[in-house]
Enquirer: 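My questions will all concern the structure given below.
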Number of protein chains: 2
Amino acid sequence: MLQNGYKASRGNRLRYEFGRPNLMTTDSPSRRSPRDRIVDAARGLFRKHGVRGVGVDAIVDAADSNKMTLYRHFSSKDDLIVECLRRAGMEMDAYWRELEEAHPGDGLAQLRDWVRRIADHLGANDCNCELMSAAVQLTDEDHPARSVIKKFKDAQRDHVLELCRKARVANAELLCDTLLLLIEGARLHQQSSGHEGPSARFAEIADAAILSFAESSAVAE
Amino acid sequence: MLQNGYKASRGNRLRYEFGRPNLMTTDSPSRRSPRDRIVDAARGLFRKHGVRGVGVDAIVDAADSNKMTLYRHFSSKDDLIVECLRRAGMEMDAYWRELEEAHPGDGLAQLRDWVRRIADHLGANDCNCELMSAAVQLTDEDHPARSVIKKFKDAQRDHVLELCRKARVANAELLCDTLLLLIEGARLHQQSSGHEGPSARFAEIADAAILSFAESSAVAE
DNA sequence: CGCCAATGTTACCGATCTGTAACATCTCGG
DNA sequence: CCGAGATGTTACAGATCGGTAACATTGGCG
């Protein structure tokens with residue numbers, strides 16, 4: 001346990017195996033960069049166990065890399081957290097574009113599709129609320145991740161509000177905030193009460209809310 | 001250390017000072033028991049920094065006690081967490097009785113009063129979502145606190161559902177889950193986006209939801 | 001007073017955490 | 001092929017964590 005038990009003692013925790021990744025010669029011609037592997041592994045572990053519940057050793061282990069490489073790319077674990085949240089935000093931006101392509105100009109359809117996809121994704125074992133989960137656990141107001149989270153949340157609210165306006169519902173601001181509250185509430189309940197909790201009705205509730213706002217505006221047309 | 005002004009969260013320890021509390025001789029004739037002080041201090045710190053962000057040293061420091069006394073009353077930190085959550089659940093039960101006394105037999109009034117009080121309390125610096133916050137951070141399915149959380153959430157849902165039934169709204173189950181999602185969503189947003197976020201409209205949204213369900217059932221009477 | 005239980009104080013253990021140093025190895029363009 | 005930079009390996013530093021042992025002190029009660 002002193003010196004040579006190092007490798008054995010490492011294996012008791014999270015470990016990801018891809019065949020023989022140490023042999024890079026003929027393994028995979030397009031193996032992703034260590035930086036990307038580290039970020040992806042960190043995001044997966046952060047989602048499952050929270051940013052405070054995962055250590056850098058587990059991250060580099062899952063990424064099939066090592067601690068030195070991590071600290072050559074990120075000045076600290078907090079820096080890595082910030083990068084993970086930034087990527088989550090960028091994926092969200094791409095997701096908005098995807099929704100726009102699926103329903104060009106149709107804010108109502110984009111909103112309904114959005115909540116439907118969220119409802120479908122609620123069943124996944126890994127909750128997708130990376131940013132909110134991190135916000136709950138990073139209580140320090142000065143933490144650099146807080147500004148990233150806030151910026152992302154503000155951008156999300158702006159975009160949803162724009163969709164609500166495009167949908168020409170009765171009260172766009174109210175529907176926007178209603179949906180945001182419902183979504184985060186569903187994610188939180190899903191994490192604590194599992195699948196059978198109130199989040200099971202999220203799709204029904206959110207869609208009913210959207211239609212309720214849309215119908216009450218139909219009389220004005 | 002060419003990062004920004006953010007100091008690593010390792011250095012700053014929480015420390016509470018009350019005059020000269022070490023001198024118990026003439027301090028306070030009815031000083032509460034160390035056990036209660038520890039539990040209260042733990043709950044306050046858990047609310048502010050999360051169960052994983054507070055160490056036992058900070059807890060006994062805030063309780064003006066010491067680690068040995070803590071471990072004479074609780075077998076472990078997890079045991080203390082469970083006790084804190086149990087007390088939160090008991091306070092919630094007392095809160096339901098209080099609402100029943102304020103509006104005897106009137107489920108609708110109890111519901112509206114409930115959401116109004118939650119909205120008022122959202123402004124408090126310490127978020128009151130102890131159980132949900134703990135659930136997010138205790139990702140281990142086998143953690144003893146998980147069963148306490150689940151039991152409490154189920155009881156809460158049963159009670160809210162009963163209130164909705166007593167209110168004789170159109171769809172009691174749907175209103176119940178809608179309110180539960182809105183409430184947790186508001187608490188989560190309040191913690192990440194602060195005051196100006198979507199949680200600012202929580203009272204308006206939740207009350208509108210209640211009235212919407214109540215009105216749609218009024219035609220049946 | 002004198003006893004006793006509860007509480008406080010100090011010091012420590014082992015595990016784990018973030019982060020680093022020194023050195024070995026690999027990849028890839030010239 | 002060769003050399004430079006990126007990456008991997010090993011070992012360790014410093015700090016914090018949960019938890020414990022031994023001992024000192026306090027407060028209440030006969």
Side-chain angles (χ1 to χ4, degrees), chain A residues 1-10 12-14 20-38 42 45 49-61 63-81 137 143, chain B residues 1-3 6-15 20-38 42 45 49-82 137-138 140 143:
Chain A
M1 175 163 179
L2 294 175
Q3 280 122 354
N4 279 348
Y6 184 70
K7 255 187 177 170
S9 67
R10 268 273 181 270
N12 58 353
R13 289 279 176 188
L14 316 144
R20 305 289 304 175
N22 280 347
L23 309 176
M24 282 186 224
T25 55
T26 61
D27 185 24
S28 168
S30 62
R31 185 160 155 82
R32 284 160 43 252
S33 74
R35 191 175 205 275
D36 288 339
R37 281 169 9 225
I38 288 172
L45 291 176
H49 304 93
V51 285
R52 307 198 72 144
V54 179
V56 289
D57 293 291
I59 293 172
V60 297
D61 216 18
D64 192 41
S65 182
N66 57 78
K67 213 166 10 177
M68 275 313 301
T69 302
L70 188 154
Y71 281 104
R72 287 188 188 109
H73 286 283
F74 306 97
S75 65
S76 65
K77 182 189 175 184
D78 286 337
D79 193 23
L80 173 61
I81 293 173
Q137 300 175 49
H143 195 287
Chain B
M1 281 302 172
L2 46 88
Q3 205 68 358
Y6 174 71
K7 279 291 183 181
S9 53
R10 287 185 102 64
N12 42 9
R13 292 193 46 191
L14 315 152
R15 181 158 272 278
R20 306 293 301 175
N22 283 345
L23 309 177
M24 276 186 233
T25 55
T26 60
D27 189 22
S28 168
S30 63
R31 188 161 155 80
R32 282 158 47 253
S33 74
R35 192 176 205 273
D36 288 340
R37 273 159 29 215
I38 288 172
L45 291 176
H49 303 92
V51 286
R52 306 197 71 147
V54 179
V56 289
D57 294 290
I59 293 172
V60 298
D61 217 17
D64 191 43
S65 183
N66 58 79
K67 214 165 11 174
M68 276 313 301
T69 303
L70 188 154
Y71 281 104
R72 286 186 188 112
H73 285 283
F74 305 97
S75 64
S76 66
K77 183 189 176 185
D78 285 337
D79 194 23
L80 173 62
I81 292 173
V82 168
Q137 299 175 51
L138 301 176
D140 191 345
H143 196 287

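Letters A, B, ... mirror the listed sequences (proteins, then strands); counts begin at 1.
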Enquirer: Take the protein atom CG of A:L70 and the nucleotide atom P of D:dT10, then report the distance between them rounded to whole Å.
Expert: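 Taking atom P of D:dT10 as the reference, CG of A:L70 is at 18 Å.
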Enquirer: Does the side chain of A:R37 get closer than 4.0 angstrom to OP1 or OP2 of D:dG8 through an N or O atom?
Expert: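 Yes, because at least one side-chain N or O of A:R37 sits under 4.0 Å from OP1 or OP2 of D:dG8.
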Enquirer: Would you mind reading off the distance between A:R32 atom CZ and D:dT7 atom P, rounded to a whole angstrom?
Expert: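 For the pair A:R32 CZ and D:dT7 P, the rounded distance is 14 Å.
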Enquirer: Heavy atoms within less than 4.0 Å of DNA chain D: which residues of residues 73-81 of chain B have one? Give them sorted by number.
Expert: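 Contacts with DNA chain D under 4.0 Å: B:S76, B:K77.
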Enquirer: When you look at A:D79 and A:S76, which way does the side chain to side chain donor-acceptor pair (under 3.5 Å) test go after all the steps?
Expert: CA-CA 5 Å; A:D79 193 23; A:S76 65; 5.6 Å; no
Enquirer: Enter the distance from B:I59:CD1 to B:K67:NZ here, rounded to the nearest 0.5 Å.
Expert: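 NZ of B:K67 is found 11.0 Å from CD1 of B:I59.
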Enquirer: Establish whether the base of D:dG5 is bridged to the side chain of A:R72 by a donor-acceptor pair shorter than 3.5 Å.
Expert: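 Under the 3.5 Å cut-off, the side chain and the base do not form any donor-acceptor pair.
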Enquirer: Please find the pair of heavy atoms, one from A:R37 and one from A:S65, that lie closest to each other, and give the distance.
Expert: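 So the two residues come closest at NH2-CB, 4.1 Å.
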Enquirer: Return the nearest nucleotide to the side chain of B:D57; candidates are D:dG8, D:dC17, D:dT9.
Expert: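 From the listed options, D:dC17 comes nearest.
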Enquirer: Check every atom of D:dA21, D:dT7, C:dT18 against the side chain of A:V56 and return the nucleotide holding the closest atom.
Expert: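 The listed nucleotide nearest to A:V56's side chain is C:dT18.
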Enquirer: Where the side chain of A:K67 is concerned, which of C:dT18, C:dT9, D:dT7 is the nearest nucleotide?
Expert: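 My answer, after comparing the listed nucleotides, is C:dT18.
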Enquirer: Measuring to OP1 and OP2 of D:dT20, would you say a side-chain N or O of B:Y71 lies under 4.0 angstrom away?
Expert: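 No, outside the criterion.
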Enquirer: Of A:G55 and B:P34, whose nearest nucleotide on DNA chain C comes first from the 5' end?
Expert: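 Looking at DNA chain C, the more 5' nearest nucleotide goes with B:P34.
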Enquirer: Distance from B:I38 atom CD1 to B:R32 atom CZ, nearest 0.5 Å?
Expert: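 The distance works out to 11.0 Å.
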Enquirer: Taking the side chain as every heavy atom from C-beta outward, state whether A:N66 and A:D61 have any pair of such atoms under 4.5 Å apart.
Expert: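 Sidechains of A:D61 and A:N66: no contact.
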Enquirer: Any side-chain N or O of B:S65 below 4.0 angstrom from OP1/OP2 of C:dT7?
Expert: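 It does not, given that no N or O in the side chain of B:S65 lies less than 4.0 Å from OP1 or OP2 of C:dT7.
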Enquirer: Where do A:Y71 and A:V56 land on the side chain to side chain contact (heavy atoms under 4.5 Å, CB included) test, with the steps shown first?
Expert: CA-CA 10 Å; A:Y71 281 104; A:V56 289; 3.6 Å; yes
